[in-house]
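To keep things clear, I will list the structure first and then write my remarks on it.
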Amino acid sequence: MKHILLIATGGTIASEQTGSGLAPRLHPQDLLRHVPEAADICILDTIQPFHLDSTNISPAHWLTLTGVIEENYEKYDGFVISHGTDTLAYTAAALSYLIQNTKKPIVLTGAQKPIGESSTDAKTNLLDSLRFACSGDCGIVVVFGGQVIAGTRARKTRTKSYNAFTSINFPEIAAIHDQRIVRYIPFREPTEEPVFYHRLNTNVFLLKLIPGIAQEAFTLAGEFCDGLVIESYGVGGIPDVYLDELDDLIKKGKTIIMATQVTQEGSDIKVYEVGERLKTRYRILETYDMTLEATVAKLMWALGQTEDPAEIRRLFCKSVNYDLLF
Ligand code: ASP
């Protein structure tokens, strides 16, 4: 039998009514009492590094999770992280950059309803995650609602339904129905050794464009951080009124990334004049088909490794855990 470490972090799956809203109260052994079938799937150990609604999870917690997995990497065949759904996609993306080339499965899951409620998706999600963690597969994935999604491709697209997550601009890795795993993407074991990273530069800011943002606000957003993601419109472009501000930010050494507010199909800034000039004149990076969650986490990771602009560019453009097809 495979040996799996369940890393419980809180979220709805572990929540109970408190009289002032749901809050994480259940510890990993309480979760497991609701799924006695887990004992037929694997040998489980548990750990609870923190106990939070995922609204409160920050990059420091991503580093804590990385540390827990690194310390226990040799001892276990796989890892399941139970997590709140609200920021689960950010954590899954961040772990994809912080733990690369893993030959063991690292699965993130959660639920839309607490595990103690009579009608809940929590038990299925937890058992499916344990099954995937024991499948001999590898990589960082989200298992939720019968879907297995690459850690860099998940987005929470529904606030209430059980199929809360969508794989953006990339097929699901696999589906899990009636305890059976059907793989859609061929299994690919990394050829390189696992690498754990320990540094992030969290001085990253996301500016979502809306028509008419003041030029000063644009400058303030950029000056506040080392890396600015501009969530623009369509395939990407920047309004004429911010070109001088952009020029200043680039001269100050800020890393600027152009993203799009449109969920599907990604950016392509060379298409229109409002975008093309960014590529030719400013050599701005763009997200192409990456999710916003992956973009933010990848930028924090890249800026955390180096201050050299060429190296930041190289790290950002390198495909990791299926994040970038372009
Ligand atoms: N607010 C909860 C959390 O993210 C929502 C959930 O888990 O579904 O922790």
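Read the numbers this way: they start at 1 and go in the same order the structure lists the ligands and their atoms.
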Using only heavy-atom distances, determine whether the side chains of Y97 and D323 contain a donor-acceptor pair under 3.5 Å.
yes
Are the side chain of T12 and the backbone of G84 linked by a donor-acceptor contact shorter than 3.5 Å?
no
Would you say K208 and Q261 make side-chain contact, with heavy atoms under 4.5 Å?
yes
Does Q147 use its side chain to pair, donor to acceptor, with the backbone of T166 at less than 3.5 Å?
no
My understanding is that only residues two or more places apart in sequence, or in another chain, count here; which of them pass ring-ring contact (aromatic ring centres under 6.0 Å, His included) with H61?
F50
Would you say the side-chain atoms of K254 pair up with the backbone N or O of F224, donor to acceptor, closer than 3.5 Å?
no
Return a table of N or O atom pairs, ligand 1 on one side and protein on the other, at distances under 3.5 Å, rounded to 0.1 Å.
residue, atom, partner, partner atom, Å
ligand 1, 1 (N), D53, OD1, 3.0
ligand 1, 1 (N), D53, OD2, 3.0
ligand 1, 1 (N), D86, OD2, 2.8
ligand 1, 4 (O), S54, OG, 2.5
ligand 1, 4 (O), T85, N, 3.3
ligand 1, 4 (O), D86, N, 3.0
ligand 1, 4 (O), D86, OD2, 3.4
ligand 1, 7 (O), T12, N, 2.9
ligand 1, 7 (O), T12, OG1, 2.9
ligand 1, 7 (O), T85, N, 2.8
ligand 1, 8 (O), T12, OG1, 2.9
ligand 1, 8 (O), T85, OG1, 2.5
ligand 1, 8 (O), A111, O, 3.2
ligand 1, 9 (O), D53, OD1, 3.2
ligand 1, 9 (O), S54, N, 2.7

